[in-house]
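The next block holds one structure in the form of structure tokens; read it before the comments.
Chain letters run A, B, ... following the sequence lines, proteins first and then strands; every chain starts at 1.
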Amino acid sequence: MKPLEERIIDFCHRLRRFRINVTHSQIVDALRAVSLVGLEYDDFYPALACTLVKEKTDLPIFHSLFRIYFNVKSKKAPEEDSGDPFEDVNNDGYDGRESGRVEAGKAPGVVTEQRMKSRIEGESYVLLIKAVREGDYDMLQELAHQAVQNIKGNQQFGIDNARELVKRAQNSIGWEKAMDEVFEGILSSRAMFF
Amino acid sequence: MFSSPEEIRSRFAQHNFIVDRSVSTVVYLAIKLGRPLLVEGPAGVGKTELARVLSLISSRELIRLQCYEGLDESKSLYEWNYQKQLLRIYMDQSQHKSWEEIQETIYTREFLLQRPLLKALMAEDKTVLLIDEVDKSDEEFESFLLEILSDYQISIPELATISARHIPIVVLTSNNFREFGDALKRRCIHLYLDYPTFEQELKIVGLKVPGIQQDLAQKIVEFVQAIRQIKLKKAPSIAETLNWAEALLALDVTELDSEVFQNTAGVLLKYKSDIEQIAAQGPHLS
């Protein structure tokens with residue numbers, strides 16, 4: 001697996017593909033910032049956010065890309081991640097909890113699990129629409145990976161409930177909502193011709 | 001100066017300024033990276049207060065520049081003390097000095113009126129420079145600010161080029177009144193400060209309104225948090241929560257009902273239409 005610096009740079013390139021314009025000096029800042037505060041979620045996340053995101057409206061996309069890219073949700077590091085500096089973090093620091101700040105950034109108030117869940121789905125669905133519209137297969141793959149991660153742990157894997165599991169995985173990344181929107185877009189663009 | 005984000009957070013807390021770990025991390029990074037800190041967020045969440053408390057905990061003088069439309073270099077950087085220069089010219093004339101001699105005396109630091117930016121650059125001691133509501137200034141000022149925040153030096157043609165003795169900790173605040181330039185934004189470390197969470201606001205009320213019943217404080221904060229979700233002309237800030245809590249405490253209120261709200265709503269909400277809207281469709285009060 002790539003060293004941390006490379007992963008951060010990769011992440012910045014991915015941000016650019018989602019039209020979050022990141023300059024070289026911002027990447028340098030981000031790398032310095034991370035070297036100053038380390039990999040604890042409450043430090044690592046704001047270190048990248050405060051150096052890379054310059055528009056508040058870019059925060060939701062940044063947030064969901066961050067979750068996917070740095071595997072925030074998964075308790076266990078994926079196999080290919082061995083030797084990766086994030087492995088330790090995945091095991092003890094990245095337990096999927098959110099910092100209050102991140103949550104407060106969108107919706108102040110008491111954070112319920114339901115609310116958090118709907119927000120995560122909400123963000124993934126934006127990514128899903130973008131990925132479909134732009135034919136971004138890497139992104140689709142990463143979203144699929146996240147969907148599988150989302151249902152891991154509290155589910156028994158079996159042939160019988162495979163269909164159910166796929167459905168759950170799809171729901172966890174806001175599949176229905178995204179498809180509705182994508183098809184609506186196609187329909188309305190067709191309607192222009194009639 | 002500060003060895004960790006946690007240190008900043010606990011020092012903030014000593015001054016009753018309650019923030020999340022992630023906020024203190026961003027502040028820590030801005031200081032360590034030597035970058036201006038741009039704090040954005042709705043009015044009344046403590047953007048200016050953050051700069052004030054930062055100056056307190058770092059024992060630095062706070063130099064404040066309030067931005068407004070039409071703010072220019074003479075009001076933000078320096079100005080020659082024109083009247084004093086004139087007086088000096090009269091004096092020198094009576095002593096039959098030549099123009100060259102006069103010129104040399106009137107363009108000296110004695111006649112220089114330092115405005116906040118120059119003051120921060122020339123300060124003997126380290127400072128915190130607060131550039132408040134930068135989004136209210138206009139574009140020319142912004143590009144001029146960018147220049148200063150890149151080099152921390154300015155040139156006064158008649159005098160010299162002045163470089164900062166100490167790079168100040170710079171805090172810029174913005175309410176998103178106007179979208180401002182990309183270049184300036186990229187120069188800064190960003191902090192989005194939002195309304196506090198329920199737990200944080202409850203803690204703030206407990207700290208700043210001593211003597212309030214926990215039960216009442218909880219109801220007040222619950223109510224305020226709920227009405228912030230409703231679209232109003234002006235959502236209540238932390239200061240207004242505190243004022244309201246103080247008012248209710250002074251009135252010996254123990255129970256929050258619609259009558260109490262009607263009588264005290266002016267403390268919490270600043271527009272008549274907001275008060276009417278909350279009374280009609282706000283959170284249920286008995």
Side-chain angles (χ1 to χ4, degrees), chain A residues 12 15-16 19-63 66 72 93 97-112 115-116 119, chain B residues 2-6 9 18-35 37-42 45 150 174 176 179-202 218 221-229 235 238:
Chain A
C12 295
L15 287 176
R16 279 185 193 156
R19 307 223 161 68
I20 298 179
N21 201 3
V22 178
T23 62
H24 290 300
S25 68
Q26 282 176 276
I27 299 179
V28 174
D29 280 350
L31 292 173
R32 282 179 62 201
V34 170
S35 73
L36 279 167
V37 296
L39 302 175
E40 190 68 34
Y41 179 88
D42 280 350
D43 294 324
F44 182 66
Y45 179 90
L48 291 190
C50 77
T51 48
L52 298 174
V53 184
K54 300 290 152 177
E55 300 296 335
K56 197 182 176 187
T57 45
D58 288 341
L59 270 178
I61 295 242
F62 172 88
H63 185 62
F66 180 91
V72 179
R97 87 201 142 93
E98 297 259 344
S99 93
R101 182 79 239 134
V102 175
E103 196 55 36
K106 263 286 165 200
V110 188
V111 179
T112 63
R115 198 154 142 196
M116 195 134 95
R119 274 201 60 217
Chain B
F2 299 109
S3 60
S4 69
E6 198 46 48
R9 195 168 88 115
I18 311 296
V19 293
D20 267 331
R21 170 64 178 266
S22 54
V23 172
S24 58
T25 300
V26 177
V27 174
Y28 173 78
L29 283 172
I31 295 171
K32 283 279 166 187
L33 296 172
R35 287 302 183 86
L37 177 69
L38 172 60
V39 191
E40 289 188 285
V45 292
S150 307
S174 157
N176 286 322
E179 270 301 307
F180 62 100
D182 214 36
L184 185 59
K185 280 193 167 179
R186 289 190 192 285
R187 181 79 213 145
C188 298
I189 297 291
H190 268 228
L191 176 63
Y192 299 99
L193 213 53
D194 216 319
Y195 292 117
T197 58
F198 175 77
E199 288 79 10
Q200 283 175 328
E201 195 160 22
L202 190 60
Q218 207 153 342
V221 175
E222 245 166 48
F223 186 80
V224 173
Q225 295 259 338
I227 64 175
R228 279 194 196 126
Q229 307 288 338
I238 302 172

For this session: Looking only at non-hydrogen atoms, find the nearest pair between A:Val53 and B:Tyr192 and report the distance.
Result: O-OH, 3.8 Å

For this session: Might you point out which heavy atoms bring B:Ile189 and A:Cys50 nearest each other, and give the distance in Å?
Result: CG2-SG, 3.4 Å

Exercise. Once you round to the nearest 0.5 Å, how far does CZ of B:Arg35 lie from CZ of A:Arg32?
Worked result: 7.5 Å

Problem set entry | Distance in Å, A:Glu55 CD paired with B:Lys185 NZ, rounded so as to fall on 0.5 Å steps | 3.5 Å

Exercise. Is a side-chain donor or acceptor of A:Lys54 paired with a backbone partner of B:Cys188 at a separation under 3.5 angstrom?
Worked result: yes

Problem set entry | Side-chain heavy-atom pair B:Arg186, A:Asp29 within 4.5 angstrom cut-off | no

Exercise. How far apart are the C-alpha atoms of A:Leu36 and B:Leu29, what are their side-chain angles, what is the distance that settles it, and do they pass the side chain to side chain contact (heavy atoms under 4.5 Å, CB included) test?
Worked result: CA-CA 8 Å; A:Leu36 279 167; B:Leu29 283 172; 3.9 Å; yes

Problem set entry | Toward chain A, the part of B:Leu33 with a non-hydrogen atom under 4.5 Å | both

